[in-house]
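One structure is given below, encoded as structure tokens.
All values derive from a computational prediction rather than experimental measurement. Here is the naming used below: chain letters follow the sequence lines, and residue numbers restart at 1 for every chain.
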Protein chains: 2
Amino acid sequence: MTDNKDNALVLENFLPYRLSYLTNIISHQLAQLYTTQFDITPHEWKILAILNRYPNISAADAGERTAMDKVAVSRAVKGLSEKSLLHKIFSREDKRRSVLNLTGQGTDLFHKIAPLVTDYENALLAILTKQEQEQLSQLLDKLTHHVTTEKS
Amino acid sequence: MTDNKDNALVLENFLPYRLSYLTNIISHQLAQLYTTQFDITPHEWKILAILNRYPNISAADAGERTAMDKVAVSRAVKGLSEKSLLHKIFSREDKRRSVLNLTGQGTDLFHKIAPLVTDYENALLAILTKQEQEQLSQLLDKLTHHVTTEKS
DNA sequence: TATTTATAGTTACAAATGAAACCTGTTTCA
DNA sequence: TGAAACAGGTTTCATTTGTAACTATAAATA
């Protein structure tokens, strides 16, 4: 597969670059939606969202589901906890393992932010046809599956 | 089991999240390809690639083409320069403006790294049909155009 | 049981990043 | 002209992030 003449590498046509360019803009715009109005970081928002969806999970579980590393999770949990947005205890069966839950305030905040980000997503999707949305979803699945299962 | 009546925000279905997840993995794998073997950062690699393609451009031009901010460009240029991979002069017409070029060593390094990253891209694309590759390209264009023209 | 190995989470330190201040040189325009 | 505004690039400083070391539990094994 190394049959390329390598000056075929043109950054603006290069798939990883194009993906990264798009993603960075979207992530930044999305973060703007809540960092400006609410005192919460993107990492904290992820944890807030995953705990709304899956209560009672551990920090490790949350990291698994959000693809965040454990240090980032630990810091986000600490931040949310200090703002009284989540409640942490340790499991009685396994005292190493945390059990995380949103507080009432945390749930309230989630419900304030969620419409903002879903509106943003909807605006994005609205420029695609139903068929294109489906294509995009399948392409992302296919690529994600590839890069997560392939080993170097 | 999935009690999510309040709204539709489910992280694992959320387009910006899925995009970001995929992109982060790809960026990381890609960086591994050259950071382990060569003493060069991702920012430096971007500048190396863009200068191979467009010699004699300024730092501002390079930033424009790579979507890097000027501080990141400045540091990458400094790093490459210290490794004798690029040569910087200032324009005679406008002494503020830099004129950047790869050195012989810089060009050599580019030609070592380029096949690695294009092979990676090809392996990614190989799991898609020609038609899917075309779809992906069009979808990225459409989304990118939308998020860059819409004012935030 | 005692010893080692592994897991969950935190902390410490170093490197990367971003925002703003800071040159220096160029343009604008009264 | 000459002050003000602007543009290209660099530096500074505070924040974020990632890697590795560390604490404490739990599981494996011998």
Side-chain angles (χ1 to χ4, degrees), chain A residues 20-21 23-25 27-32 34-36 39-47 50-51 54 56-82 86-101, chain B residues 20-21 23-25 27-32 34-36 39-47 50-51 54 56-83 86-101 152:
Chain A
S20 154
Y21 184 71
T23 300
N24 288 344
I25 292 171
S27 296
H28 189 257
Q29 291 181 354
L30 208 48
Q32 286 288 103
Y34 50 84
T35 56
T36 54
D39 175 27
I40 192 173
T41 70
H43 280 334
E44 289 170 355
W45 163 243
K46 271 197 192 180
I47 296 299
I50 211 70
L51 283 180
Y54 302 104
N56 290 307
I57 62 176
S58 69
D61 292 339
E64 177 85 16
R65 291 187 180 282
T66 55
M68 291 165 63
D69 75 74
K70 63 181 184 173
V71 176
V73 173
S74 176
R75 294 199 258 240
V77 165
K78 188 179 177 191
L80 292 170
S81 182
E82 284 169 356
L86 80 68
H87 177 65
K88 177 178 75 176
I89 59 175
F90 285 93
S91 167
R92 299 192 68 186
E93 296 86 51
D94 183 343
K95 294 178 199 156
R96 295 170 305 181
R97 203 167 178 81
S98 59
V99 178
L100 307 175
N101 272 293
Chain B
S20 153
Y21 184 70
T23 301
N24 289 344
I25 292 172
S27 296
H28 189 256
Q29 291 182 353
L30 208 49
Q32 285 288 102
Y34 51 83
T35 57
T36 54
D39 176 27
I40 191 172
T41 69
H43 280 335
E44 289 169 356
W45 163 243
K46 270 197 191 179
I47 297 299
I50 211 71
L51 283 180
Y54 302 103
N56 290 308
I57 63 176
S58 69
D61 291 340
E64 177 87 14
R65 290 187 182 282
T66 55
M68 291 166 64
D69 76 74
K70 62 180 184 174
V71 176
V73 173
S74 176
R75 295 200 256 240
V77 165
K78 188 179 179 190
L80 291 170
S81 183
E82 284 169 357
K83 290 169 216 160
L86 81 68
H87 177 65
K88 176 179 75 178
I89 59 175
F90 286 92
S91 167
R92 299 192 66 187
E93 295 86 50
D94 182 343
K95 294 177 200 156
R96 296 170 304 181
R97 203 167 180 80
S98 58
V99 178
L100 307 175
N101 272 294
S152 40

Short side-chain to backbone donor-acceptor contact, B:N56 and B:V99, under 3.5 Å: no
Residues, nucleotides or ligands: over 12 heavy atoms within 6.0 Å of A:Q32 CD: yes
Chain A contact limits on DNA chain D, taken 5' to 3' with a cut-off of 4.0 angstrom to heavy atoms: D:dT17 to D:dA26
Closest contact, heavy atoms only, A:S20 versus B:T23: CA-CG2, 3.5 Å
Exam field: side chain A:K46 to backbone A:M68, donor-acceptor pair closer than 3.5 Å: no
Atom CG of A:D69: over 12 foreign heavy atoms under 6.0 Å: yes
Main-chain N/O of B:L100 paired to B:S98 side chain as donor or acceptor, under 3.5 Å: no
Over 12 foreign heavy atoms within 6.0 Å of CG, B:D94: yes
Selection: residues 89-97 of chain A, any non-hydrogen atom under 4.0 Å of DNA chain D: A:E93, A:D94, A:K95, A:R96
Evaluation steps, side-chain contact (heavy atoms from CB on, under 4.5 Å), between A:L80 and A:I40: CA-CA 8 Å; A:L80 292 170; A:I40 192 173; 4.2 Å; yes
Distance-minimising heavy-atom pair for B:K88 and B:L86: N-CD1, 4.0 Å
N/O (side chain, A:S74) to phosphate O (OP1/OP2, C:dT10) under 4.0 Å: yes
For DNA chain C, the residues among residues 57-72 of chain B that have a non-hydrogen atom under 4.0 Å from it: B:D69, B:V71
Quiz item: A:R75 side-chain donor-acceptor pair to C:dG9 base, under 3.5 Å: no
Between B:N24 and B:S27: side-chain donor-acceptor atoms closer than 3.5 Å: no
Given DNA chain C, 5'-ward residue of the pair A:V73 and B:H43, judged by closest heavy atom: A:V73
